[in-house]
4 protein chains.
Amino acid sequence: MATVARKTDGNGIPVPQRLLAAATRLFAEQGYGSTSVQEIVEAAGVTKGALYHYFGSKEDLLQEVYARVLRLQQERLDAFADADEPVERRLRAAAADVVVTTIDNLDDAAIFFRSMHHLSPEKNKQVRAERRRYHERFRALVEEGQRSGVFTSATPADLVVDYHFGSVHHLSTWYRPDGPLTPQQVADHLADLLLRALRP
Amino acid sequence: MATVARKTDGNGIPVPQRLLAAATRLFAEQGYGSTSVQEIVEAAGVTKGALYHYFGSKEDLLQEVYARVLRLQQERLDAFADADEPVERRLRAAAADVVVTTIDNLDDAAIFFRSMHHLSPEKNKQVRAERRRYHERFRALVEEGQRSGVFTSATPADLVVDYHFGSVHHLSTWYRPDGPLTPQQVADHLADLLLRALRP
Amino acid sequence: MATVARKTDGNGIPVPQRLLAAATRLFAEQGYGSTSVQEIVEAAGVTKGALYHYFGSKEDLLQEVYARVLRLQQERLDAFADADEPVERRLRAAAADVVVTTIDNLDDAAIFFRSMHHLSPEKNKQVRAERRRYHERFRALVEEGQRSGVFTSATPADLVVDYHFGSVHHLSTWYRPDGPLTPQQVADHLADLLLRALRP
Amino acid sequence: MATVARKTDGNGIPVPQRLLAAATRLFAEQGYGSTSVQEIVEAAGVTKGALYHYFGSKEDLLQEVYARVLRLQQERLDAFADADEPVERRLRAAAADVVVTTIDNLDDAAIFFRSMHHLSPEKNKQVRAERRRYHERFRALVEEGQRSGVFTSATPADLVVDYHFGSVHHLSTWYRPDGPLTPQQVADHLADLLLRALRP
DNA sequence: TATGAATGAGACTTCATTCAT
DNA sequence: TATGAATGAAGTCTCATTCAT
């Protein structure tokens with residue numbers, strides 16, 4: 001019991017998760033390169049040795065942030081894409097959901113597009129591969145609608161997907177929780193823009 | 001004369017511009033934080049003392065990169081927006097031009113959204129202000145069309161602008177010069193998407 | 001019973017000896033300072049706690065390596081020196097035997113002269129004392145031959161001993177098991193050189 | 001002039017050489033692994049930055065120590081071996097000289113055989129290659145005497161060389177400047193032992 | 001007898017910047 | 001206008017050892 005208390009420092013959350021949470025917040029606020037290991041362990045309430053007990057390097061910590069968010073988003077997309085609905089409703093739902101999820105995890109999103117170049121080529125490749133899978137699942141939805149005629153084929157599906165995700169990534173640059181729009185409202189608007197752009 | 005030859009290293013380009021060009025390329029390739037002053041001066045063919053003769057700090061170099069690209073893009077947008085054409089043609093031209101210009105300077109774009117947090121609060125504020133001016137000029141075009149009824153008002157103009165610029169920033173992530181589409185083709189497609197999304 | 005099986009990891013060798021064997025090999029290969037406790041316990045198939053249960057410190061492990069080899073060599077020298085033979089045959093046998101024994105335990109020899117400075121002054125002193133005893137027993141043989149006239153007295157006996165042992169220590173630098181000479185052949189040659197150098 | 005004073009800290013010796021001298025002494029006293037960069041720069045009276053201005057790494061410092069002593073000894077050996085004298089006098093002179101030189105630079109010798117395993121494989125290979133060249137020049141002398149009949153051929157020349165150099169390396173283990181023998185006396189004795197061992 | 005999470009000190013190295021020339 | 005040696009702070013990471021279980 002004493003051990004458990006030490007491990008979680010009285011707040012019930014295990015050390016690795018505390019480290020991950022602290023790192024995510026700091027990376028988003030200051031950038032990966034400007035966040036020192038010292039700051040992370042202080043924010044997590046542990047020592048450097050503990051960090052290196054669980055993570056091989058600072059970079060490993062960054063990779064874990066990526067892995068977690070990628071896993072989460074892929075799961076959600078798969079659920080929406082596999083639903084039993086007309087394609088235009090499935091695409092709209094997926095397009096809106098990724099906006100809400102991204103706003104709910106703005107820190108992750110900010111890190112994603114700012115700090116990828118800090119990953120080693122090997123890890124970078126791995127992240128890109130998972131990212132690619134996500135992109136392609138989304139693209140398949142667009143293509144399905146184009147084949148069935150409910151979406152215009154004027155624009156290549158790839159470009160449509162990058163158009164939408166560009167705006168999603170951009171959220172971390174301008175969205176403020178205390179702004180006039182709720183996450184859901186933003187999501188609805190952006191999904192509308194996408195579907196309108198796809199009208200035949 | 002010997003001095004002049006030294007200044008331009010035989011290629012006619014003055015030292016400050018050589019430094020700026022080298023810094024731009026390296027910041028884009030490796031990120032601001034991972035690029036050392038030593039690498040920059042080596043790439044530019046000068047020594048550290050020369051860099052600090054022309055620029056007060058490494059950060060000043062970054063700011064210069066920002067200033068240059070902001071100035072360029074604002075000039076182009078103003079030209080398109082002030083043209084004597086119907087609003088939908090002016091918006092389309094501006095929307096397509098920013099895509100071509102961004103692709104022509106992908107390095108600048110990559111730096112822009114990755115390295116802004118390395119600027120001191122003061123400089124950051126200044127860059128954001130100029131960025132805001134740019135955003136607002138673009139938004140004014142959208143609002144003009146909405147008021148005159150050629151664009152739908154279903155989506156707030158601010159959001160429309162962020163939607164488009166999100167996709168522009170995203171270009172540096174996926175566009176490859178050796179890909180299937182020319183810059184102009186990409187620009188046309190993205191401008192089409194925007195205008196279709198604005199159809200009433 | 002399960003405990004006993006754990007202790008020996010199914011190969012019948014007790015944990016302390018497994019640790020000692022792993023440490024010896026790693027110290028010889030990488031040096032004492034470059035071998036981490038973690039590497040040793042992994043090579044021995046146990047955990048850190050087990051190591052610190054049997055040995056007080058990493059240094060203790062090193063001392064044990066020294067103690068074992070010193071004990072072994074002293075025993076062998078005593079046996080040869082006390083034999084009932086003419087002094088020149090006893091010296092030759094001892095000189096050749098230390099070569100063969102050293103080659104058979106090249107790891108120990110490599111550690112010996114590379115890592116002694118890692119021992120604390122106290123332990124270092126103890127090792128030197130035992131080393132000295134060994135040296136003196138050998139020197140006594142040389143002096144005995146010098147007094148009886150079968151060896152030349154041109155060179156002080158101390159120097160003769162250091163001359164021979166220098167070449168013995170050096171073995172770990174150049175001897176390779178897959179080379180042209182067997183350990184016994186090397187031993188015979190080196191003993192010959194010593195005895196020829198001692199001819200009156 | 002102020003610059004020169006700074007560079008040499010008032011004692012006239014340039015920084016790189018001061019660093020090399022300090023490192024040599026400390027590596028010999030404490031071993032490479034137990035000597036911190038901080039200790040070296042303090043002993044040399046400079047800062048860490050200065051060290052890394054001149055040497056790429058701590059290991060580079062070690063390599064420089066090796067390179068210097070190897071160069072010196074090779075030069076001396078070549079001079080003795082190429083002299084216009086009978087082979088037995090040339091071998092004797094070379095064998096005695098390496099003893100005196102080694103005693104004069106006992107620190108270098110101590111480092112040599114203790115710290116070589118700290119060099120990267122690449123640098124280690126280079127050092128071994130130069131070492132090999134030295135060994136072979138010496139061996140050529142022995143073989144010349146064997147062919148002309150002034151030395152016995154009972155022992156392979158390679159082994160004879162290793163025999164002698166073993167005793168040379170061993171000097172750093174036992175020789176003390178305040179002992180009973182001068183460097184020259186030790187050198188004469190060890191050369192005598194070698195030549196007596198080579199008598200036909 | 002043995003675990004392994006956690007410590008905390010200290011290691012090597014990098015780097016933007018300064019300054020005498 | 002330009003050099004480059006030197007600084008000094010800060011960075012990431014390693015590791016022998018401890019201790020509650």
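What you see is a predicted model, and the numbers here were worked out from it, not measured in a lab. FYI, side chains are in, hydrogens and waters are out, and symmetry mates aren't considered; it's all heavy atoms of this structure. Chain A is the first sequence line, chain B the second, and so forth, proteins listed ahead of strands; every chain is numbered from 1.
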Distance in angstrom units between [X] [atom1] and [N] [atom2], rounded:
| X | N | atom1 | atom2 | answer |
| --- | --- | --- | --- | --- |
| Glu59(D) | dA11(E) | CD | P | 18 Å |
| Ile40(C) | dA2(E) | CD1 | P | 17 Å |
| Gln38(B) | dA16(E) | CD | P | 9 Å |
| Glu39(C) | dC15(F) | CD | P | 7 Å |
| Glu42(A) | dT12(F) | CD | P | 12 Å |

Exercise for the section: Ignoring the backbone of Lys58(A), work out which of dT13(E), dA2(F), dC13(F) is nearest its side chain. Expected result: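 Per side-chain heavy atoms of Lys58(A), the pick is dC13(F).
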
Handout entry: Side chain of Ser36(B) (C-beta onward), nearest among dC13(F), dA16(E), dT3(E)
Key =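 In terms of side-chain proximity for Ser36(B), the closest of dC13(F), dA16(E), dT3(E) is dA16(E).
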
With a 4.0 Å cutoff (strictly under), does any side-chain N or O of [X] reach OP1 or OP2 of [N]?
| X | N | result |
| --- | --- | --- |
| His53(A) | dA6(E) | no |
| Tyr54(B) | dA2(F) | yes |
| Tyr52(D) | dT13(E) | yes |

Exercise for the section: Indicate, with a heavy-atom threshold strictly under 4.0 Å, whether Lys48(C) touches base, sugar-phosphate, or nothing. Expected result: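 The answer is base, as Lys48(C) lies within the cut-off (heavy atoms under 4.0 Å) of a base atom.
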
Practice task
Select base, sugar-phosphate, or nothing to describe what Thr35(B) touches, counting heavy atoms under 4.0 Å on all strands.
Solution key: sugar-phosphate

Problem - Geometric cation-pi criterion Lys58(B) and Tyr32(B), 6.0 Å radius, 45° cone - result: yes

Problem - Pairwise 5' ranking along DNA chain E for Thr47(C) and Ala50(A), keeping only the more 5' one - result: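 With Thr47(C) and Ala50(A) compared, the 5'-side residue is Thr47(C).
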
